[in-house]
S.K.: 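Here you go, one structure.
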Amino acid sequence: MATAGPPHYASWVPPTGHSAPSTAGVDEVRTIFVLGFPPDVKERELQNLLRWWPGYEASQMNFKGDQPMGFALFTSAAAAMAAKDALQNLVFDLETSSTLRAEMAKKNLYVKRGVTGMGTETPPFDQSKRLRTAGDYTSQYAPPGGFAPAPASWVPQSYIPPAGSFDPYAGYCMPPLQPVAQPLVTSVAPVAPAGYVPMQNTKDNPPCNTLFVGNLGESTNEAELRGIFSGQPGFRQMKVLRQGRSTVCFIEFADVNSAIAVHNNLQGAIVMSSDRGGMRLQYSKNPFGRKKEFMNNHQENGAPGVPTRDTNT
DNA sequence: AGCACA
């Protein structure tokens with residue numbers, strides 16, 4: 001074992017949306033400096049780790065010898081510090097047990113015009129949009145899917161290209177994330193997970209209003225889960241189930257779209273208290289709110305096998 | 001690789 005354990009779970013303080021966001025301190029340092037990556041880390045990994053973070057603008061991986069140094073620029077110093085705290089002591093790679101150290105940088109990352117860390121040969125299309133959108137995150141951690149350039153085939157959770165090009169959603173054609181229904185819980189800003197781990201989700205069920213969370217270790221802390229989910233738009237309720245060595249969890253949302261958004265956005269999100277890194281999100285087999293159908297199908301107070309004639313539909 | 005509760 002020897003898990004020195006991911007120490008402080010940085011409870012994420014939302015970058016204050018009301019106090020003059022971007023225009024405030026123009027010469028403030030809003031760049032973080034991250035050490036502790038395994039030598040074979042790719043710049044892209046840093047980008048993918050941070051690209052959903054509120055206020056993220058650009059990042060870059062430099063190599064001093066074989067010691068990678070990451071830099072990431074945010075829209076504000078507050079956003080940068082929040083990200084810094086979240087990355088602090090993050091176990092980046094379980095195999096090499098490399099733990100990240102993050103600090104505020106000495107000076108801001110210089111971003112060449114048109115390069116935001118999304119790749120060097122950046123397509124011209126949404127650079128400006130990307131930057132503009134970033135500011136919007138200050139009020140609420142909106143679903144990343146919202147600005148994903150998303151051709152219909154873009155499946156957010158497949159960080160790893162599916163080997164057999166198997167797409168469980170082929171038949172469902174993800175609705176393009178229309179603005180999620182007004183959150184029932186508006187006040188709570190979601191606690192952003194400390195990071196993401198690529199997660200393959202080979203078997204899934206049709207989208208519904210309830211998510212099933214798997215790949216959670218027995219040590220998983222319910223409060224942490226609640227912190228992550230309860231602030232998500234459309235969140236209704238959550239139930240944690242201990243199953244011996246592992247833990248599972250159900251989350252109900254007000255509507256399917258909210259569930260879809262979370263299913264995509266939080267796929268592989270790192271659960272600190274779990275000993276398995278990222279969580280796996282699937283749609284539940286038995287969603288909430290289907291009691292009637294369930295009961296009807298089971299004829300619980302009638303003759304068990306009697307077929308129901310669909311007299312009224 | 002684990003799906004409860006109504």
Side-chain angles (χ1 to χ4, degrees), chain A residues 1 3 91 93-95 155-172 174 181 184-185 193 195-230 232 234-304 306 308 312:
Chain A
M1 296 300 160
T3 57
V91 176
D93 185 343
L94 281 176
E95 291 173 17
V155 183
Q157 73 268 28
S158 56
Y159 292 85
I160 300 171
S165 75
F166 166 68
D167 181 4
Y169 312 113
Y172 299 114
M174 296 282 205
L184 304 181
V185 199
Y196 296 84
V197 145
M199 181 60 60
Q200 37 198 339
N201 192 6
T202 47
K203 295 273 184 291
D204 207 336
N205 305 297
C208 63
N209 76 335
T210 306
L211 294 183
F212 171 85
V213 189
N215 199 38
L216 298 171
E218 55 185 335
S219 60
T220 304
N221 174 266
E222 170 159 353
E224 188 190 356
L225 286 179
R226 194 165 291 277
I228 293 173
F229 289 114
S230 65
Q232 297 294 331
F235 172 89
R236 272 232 239 264
Q237 57 171 313
M238 203 190 91
K239 175 168 290 228
V240 173
L241 228 75
R242 305 280 174 181
Q243 296 183 329
R245 209 137 267 289
S246 63
T247 302
V248 295
C249 172
F250 296 89
I251 308 143
E252 185 199 14
F253 292 88
D255 55 84
V256 184
N257 280 327
S258 302
I260 292 175
V262 171
H263 177 279
N264 297 339
N265 300 341
L266 291 182
Q267 191 64 265
I270 288 173
V271 182
M272 293 289 212
S273 55
S274 164
D275 50 6
R276 300 191 197 174
M279 62 171 93
R280 166 172 14 265
L281 289 174
Q282 298 175 301
Y283 299 106
S284 174
K285 290 174 190 163
N286 300 302
F288 277 98
R290 291 209 188 148
K291 183 182 174 186
K292 256 176 209 159
E293 300 146 47
F294 184 85
M295 296 301 246
N296 286 342
N297 293 341
H298 282 71
Q299 294 289 326
E300 52 119 29
N301 51 3
V306 178
T308 327
N312 43 2

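Since we're looking at a predicted model, the values are computed, not measured. Numbers restart at 1 for each chain; the letters A, B, ... are given by sequence-line order, proteins then strands.
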S.K.: Under 4.0 Å, heavy atoms only, any strand: does Thr210(A) hit a base, just the sugar-phosphate, or nothing?
M.R.: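 It contacts base atoms.
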S.K.: Using whole Å, report how far CG of Asn215(A) lies from P of dC3(B).
M.R.: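 About 14 Å, once rounded to whole Å.
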S.K.: Would you please classify the geometry between the Phe212(A) ring and the Phe250(A) ring as parallel, tilted or perpendicular, with 30° and 60° separating the classes?
M.R.: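 The rings of Phe250(A) and Phe212(A) stand perpendicular, inter-plane angle above 60°.
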S.K.: Just checking, any donor-acceptor pair under 3.5 angstrom between side chains of Gln282(A) and Asn205(A)?
M.R.: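 There is no such pair between these side chains.
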S.K.: Asn209(A) CG to dA4(B) P: how many Å, rounded?
M.R.: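 One finds 16 Å between P of dA4(B) and CG of Asn209(A), rounded.
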S.K.: In whole angstroms, how far is the P atom of dC5(B) from the CD atom of Gln243(A)?
M.R.: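 Atom-to-atom, Gln243(A) to dC5(B), this comes out as 11 Å.
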S.K.: Are the ring of Phe250(A) and the six-membered base ring of dA4(B) within the stacking cut-offs of under 5.5 Å and under 30°?
M.R.: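 The base of dA4(B) is stacked with Phe250(A) (centres under 5.5 Å, planes under 30°).
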S.K.: Take Gln237(A) and Arg276(A), find for each the nucleotide of DNA chain B with the closest heavy atom, and name the residue whose nucleotide sits nearer the 5' end.
M.R.: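 With Gln237(A) and Arg276(A) compared, the 5'-side residue is Arg276(A).
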S.K.: If I take atom CD in residue Gln267(A) and atom C1' in nucleotide dA1(B), what distance separates them, rounded to the nearest angstrom?
M.R.: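 Between C1' of dA1(B) and CD of Gln267(A): 13 Å.
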S.K.: For the atom pair CE (Met272(A)) and OG (Ser219(A)), what is the distance rounded to the nearest 0.5 Å?
M.R.: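 Spacing of CE (Met272(A)) from OG (Ser219(A)) equals 12.5 Å.
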S.K.: Distance criterion of 3.5 Å, no angle test: do you see the side chain of Arg280(A) paired donor-to-acceptor with the base of dG2(B)?
M.R.: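 Yes.
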S.K.: Would you say the side chain of Ser246(A) lies within less than 4.5 Å of the side chain of Arg276(A), judging by non-hydrogen atoms?
M.R.: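 They are in side-chain contact.
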S.K.: Expressed as a whole number of angstroms, how long is the span from Arg245(A):CZ to dA1(B):P?
M.R.: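 The answer, rounded to whole Å, is 12 Å.
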S.K.: To the nearest Å, give me how far apart CG (Asn286(A)) and P (dG2(B)) are.
M.R.: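 Atom CG in Asn286(A) sits about 15 Å away from atom P in dG2(B).
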S.K.: CZ/Arg226(A) to CG/Asn221(A) distance, rounded to the nearest 0.5 angstrom?
M.R.: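 The CG atom of Asn221(A) is 11.0 Å from CZ of Arg226(A), to the nearest 0.5 Å.
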S.K.: Rounded to the nearest angstrom, tell me the gap between atom CD1 in Ile251(A) and atom P in dC5(B).
M.R.: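 Going from Ile251(A) (CD1) to dC5(B) (P), I get 17 Å.
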S.K.: Give the nucleotide from the list dC5(B), dG2(B), dC3(B) with an atom nearest to the side chain of Lys239(A).
M.R.: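 Closest of the options to the side chain of Lys239(A): dC5(B).
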S.K.: Tell me: CE of Met279(A) to P of dC3(B), nearest whole Å?
M.R.: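 Nearest whole value for this atom pair: 18 Å.
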S.K.: Give a yes or no on whether a donor-acceptor pair under 3.5 Å exists between the nucleobase atoms of dA4(B), that is its base, and the side chain of Ser284(A).
M.R.: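 Donor-acceptor pair under 3.5 Å: yes.
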